[in-house]
Structures are given as structure tokens and as C-alpha cells.
Amino acid sequence: MQINKIIKDILKKRGFRTETEMEEYFSHKPKLTYDPYLIKGMREAVELIIEYANSGKRICIFGDYDADGVTSVVVMRTILLQLTDNLTYYIPSRFDEGYGLNMKAIENMARDDIDLIITVDCGCTAVEEVARIKELGMEIIVTDHHSMTDKIADCLILNPKQKDDEYPYSFLCGCGVAFKLTQAIVRRLGMGKDLLNEVLDVVAIATVGDIVPLRDENRTLVKYGMAAIKRQRRIGLKALMDIGKINPEGINAHNIAFGIVPRINSAGRLRSANLSVELLSSTDKDEAAQLAVELNNLNEERRNLQNKIFNSAVETIETKPERDKFIVYYAGSVNEGVTGIVAGNLRERYDRPVIVLTDMEDKNFLKGTGRSVENLHLYDTLKKYEDCFLKFGGHSGACGFTMYRDRMEYFIDSINGDMEHLLRLNPSLFEFEIAADASISAVDVSIELAEQISEMEPFGQDNEKPIFEVDDIQVNRVLSMGKENQYRKYFCSDITGGSFDAVLFDVDLAAGTQICEDDNIKVLAEIGVNIWNNKKTVQLNIKKIIEVK
């Protein structure tokens, strides 16, 4: 493949130094993957699982209620059913039990005569819970991908982030780690790779949905996974895509993230994540169609609920004479399953960190979920307030916790005091500047460049779609679009007469209305391919208007 020089320069900036690395990046059949046995504890875990399966002992896969956890259960279940029928799974209720291993679930599994628990996407810090599992005479293997702390469960753990682990890539999602375990089992027993190919579709969904970097081995898993999605062999996934009007031929990271993942997540957000496991495991078309309808309806219910909470939050926030620097919104007795989305939407609207608090059954506590801005590490910021929390966890961009209700006012006042101080030191703390990956002239804009950019898919975390600073754009005609004519389409050309379109949607609209015919403009934009009536044209998606001449 002849790589465009503009694209080659962008890849070099992103750390791709050699032609071989770039060819691997663009390959439809990448080879970048690693030996699963390099993960610390893998050999012991494989032998223990085989031992329990061969002896007919009862095995339980313990998952999480989001798309990463659900797909992890599906992957493990698919492979382990080849070894034993004495297999079950358990996903805790978001509302009654919360995230991860918990004492209620452990007692339930003990009553169900479980001998071996295999966690997926959780468990590495569950010290007390693992101790209780052992007290009850059960064995446990933890597979996880979350950051490790000094608080580590005393059991066999598979996590590429753990200390002394020699695995070359530590940014797998939970389903990615589960996949590596199944890969090791399949290799150990000589079961053939067809079984693994069967689950790559859901591995891709998890990898995109959990917003891990789409680089290195993750990129390999997603590319093969998207090819598996296109083949439409998973009946339940096909039913879900049909009802969501998602074209398998046009599958990409965007429609996975915004079309498939929310529907899978909706079950755990509003009801039981088991619905999603059963859909993705179904081999019956009628059952799959019924479950897909159910998930689609739940997703609509989720969207309506989150919009209601969001609008209420906006109304409350904007009645304040002065907006808090760190927004903490108390939502009361609402469904906590959508508060993370609401927090993210509020963060985007107000460009500042946000926490949404909800009531718990125990009136002494509040449940909290937070989302942060680009330059503020949320976990580190909140860690100094650990005395306010019964439970607390998170990372740079998000957090979740259980808060003592009587500490709420102290926390709100204190965290806003911290933000005032930080903003005095760095007034641009909450600002996010769009950075161009390359500066080009309008004459460089071509269908060939646009098609090669599309070959850079899948786009996502750590592999964002390139942004270009494009100069010398001649505007020939302006068209208003949208129900209220709020959007703009510009018919453009370069100095040689080459033509292309540019569109302006939700950003910089005020500046966009000032652009007229015969203006010369400079913009920040994405470059893509637009297909209309089977004709391909190049189109700029404007992110910011820099200059109008």
C-alpha cells in the first residue's frame, strides 16, 4: 500500500517509526498479538480450570453489568461449555449489589454449590470478598484489567497491569483478558482456532465500548472482530443490529460505540444484564428477535430517563447566581443506572468536572458517579477526601463511590475551594484546545486522502480521527440545513478549481453564519468520504473556524 505522505507524517507523530509498523497498522489482517502465557499466572489458571472441569466440579463465571463484563461472560461461557456442562454465570444487580464481588453474591454462589469462581472484568482488589470465598471452601481465579493498588486479593490473578507481569501490552479491556485466558485454554487442549474466531465479534464490541486504546493488540482484536461482525454469524447480535438499523457492511468503531454498546448496556442499567448475555448467546432466531426488541425498548427508556434527569440538572445548575467550578448535582431518588451518562453530558455542556449523587436504600449514604475534564485527574483529586466515602474508585476521567450523606455539604464546599485554588494557578485548567494533526492547503484535499483516512479505522481512544488545519478554501455557495436552518453546508474549491463540500454542525455555529459566498476561509476539520446516489465525494466536517478573509 502506498501511504500518503500527509498520513505518514501523522503516523510518525503518533509513534509509528518504520514502514513495517505502518503496514501493520493499515493491514486488514494484522499479526500483532502476544502469547497468552506471558500473562502472570496464566499457566496455573489454565491447569486449575481444566482440573475442575474434568472432575465435574461446578464452575461459575462472575461478571459485571456493563458491555465489557457481559461480553466477557459470553466469551468465557462459549469456551468453557466445550469442557463442562456444570457451568453457570452470575452478574450482580447494579441496584441491590453494586459493582464487583460482594458478600451477598458470594453467599448465593455458596448455596448454589459452586466450587470454582472465575471473575471477569473485576475482582483484583476484593480482599475481604476473596477471603470469604475461601472460608466457604470455594476456589477463585480473578481476571481483571483495572489498575492495581496496594490492596490486592489473595488469590490467583490474571491482570496485565499487575506487578512483575511480563505481558507486552497492559491496556486490554476485561473481555480482552478473558479472551487471552480462553486462547490459552484452547491452545493447551488443541481445540482449534475456530472457537476463538467465534467470539472475536464480542471482543471487538467490548474493546471499543470500554474506551481502551485502539492501538497495538487491541487494534488487532477489533479489526478481526469487526470482520466477524460483518459475517453476521451471531444470531443475537444480528437481531440487535437489525432493530438498530446498523448496516454490517458499514460497521466501524463509531456505530459499535453508539449503536451496539448502549443497547447491550441498557439491560444492566435498568433491569438485569443477564438479558444481554442471553441475547448474545442465543441460537434461536425467535428468541433472539424477542430479546433484541426488549433491549431496544430498554435503551429507549434509558434515553428518555437520562434526558429527564439531565434537563432537571441543567435547570437546577442554571438557577444558581454563580456556577460552581466543580459541579455536584444531587438528583435524589432516580435510577442510578443512567447517572454516569448524565454526568458525562453535563461535563460536555459546562466544560468542568461533574458528580451526580443519588439516594441509596440506606439513607445514611449517597451513591456518586463522576466525569472529569481533560486536564484534571479525577481519582487523584478526590483521593484526599477518602474519609467522605465508604467505597471509592476510579481513574483520571471517571469515578464511582458511596458517600456518607452527612459529609455531602463539606465535600461540595471543599472540592469547589480546591478548584478555585487550582484555577488561580492555571486559569486554562478546564479549557480544551483542538489540536491539528497536520496543516494542509485546500489543494491537498482529495478523495484519495479521504479514503486513506477511512483506512485508519477503527478510530477511538489513542487513535482519534485526524484533525487538519485547512487553509485557502474558497467558498462558492452556502446552504442552510436542519429543521431550523441551524446548520451550514459550504460548496468549496481550491485555487486550482478542485471542488469539495464542507459542513458545520454543532460547533462554531455563530462564526459559521458569518461566512458568505466568495469568502476565503481557514478551518480545523475532519476529512471524510460522503456517498450520495452511489457517488463518492470528499467532505470536510468543520470543528472550528479559524479565519474568514
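Treat the numbers as computed from the prediction; the structure is a model and nothing was measured.
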What distance do [X] atom [atom1] and [Y] atom [atom2] have between them, rounded to the nearest 0.5 Å?
{"X": "Arg219", "Y": "Met456", "atom1": "CZ", "atom2": "CE", "value": "7.5 Å"}
{"X": "Asp144", "Y": "Asn159", "atom1": "CG", "atom2": "CG", "value": "5.5 Å"}
{"X": "Asp66", "Y": "Ile91", "atom1": "CG", "atom2": "CD1", "value": "9.5 Å"}
{"X": "Ser454", "Y": "Ile447", "atom1": "OG", "atom2": "CD1", "value": "8.5 Å"}
{"X": "Asn197", "Y": "Arg233", "atom1": "CG", "atom2": "CZ", "value": "8.5 Å"}
{"X": "Asn476", "Y": "Ser493", "atom1": "CG", "atom2": "OG", "value": "4.0 Å"}

Contact between [X] and [Y] at the side-chain level, heavy atoms closer than 4.5 Å - yes or no?
{"X": "Leu504", "Y": "Ile545", "answer": "yes"}
{"X": "Ile260", "Y": "Asn255", "answer": "no"}
{"X": "Leu200", "Y": "Leu221", "answer": "yes"}
{"X": "Met148", "Y": "Lys163", "answer": "no"}
{"X": "Arg215", "Y": "Phe171", "answer": "no"}
{"X": "Trp532", "Y": "Thr537", "answer": "no"}
{"X": "Arg188", "Y": "Arg43", "answer": "no"}
{"X": "Lys180", "Y": "Met42", "answer": "yes"}

So which heavy atom on [X] is nearest to which on [Y], and how close?
{"X": "Ala45", "Y": "Ile141", "value": "O-CD1, 3.8 Å"}
{"X": "Ser72", "Y": "Gly174", "value": "OG-C, 3.4 Å"}
{"X": "Cys173", "Y": "Asp210", "value": "CB-CB, 4.1 Å"}
{"X": "Ala206", "Y": "Thr71", "value": "CB-OG1, 3.1 Å"}

Would you call [X] and [Y] a salt bridge, taking side-chain N to carboxylate O under 4.0 Å as the test?
{"X": "Asp501", "Y": "Lys489", "answer": "yes"}
{"X": "Lys238", "Y": "Asp242", "answer": "yes"}
{"X": "Asp165", "Y": "Lys161", "answer": "no"}

Checking salt bridge (Lys or Arg N to Asp or Glu O under 4.0 Å) for the pair Glu455/Lys223: CA distance, chi angles, key distance, verdict? CA-CA 11 Å; Glu455 289 292 313; Lys223 281 202 168 187; over 6 Å; no
Would you say Thr207 and Asn218 are linked by a side-chain donor-acceptor pair, where the criterion is simply a distance under 3.5 Å?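 No, Thr207 and Asn218 have no side-chain donor paired with an acceptor closer than 3.5 Å.
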Decide whether Asn463 and Tyr25 meet the rule of one side-chain donor and one side-chain acceptor closer than 3.5 Å.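 A donor-acceptor contact under 3.5 Å links the two side chains.
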Phe430 ring centre to Arg352 NZ or CZ under 6.0 Å, with the angle to the axis within 45°?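 Here Arg352 fails the 6.0 Å and 45° test against Phe430.
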Could you tell me whether a side-chain N or O of Asp437 sits under 3.5 Å from a main-chain N or O of Ile467, the two making a donor and an acceptor?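 Yes: the side chain of Asp437 pairs with the backbone of Ile467.
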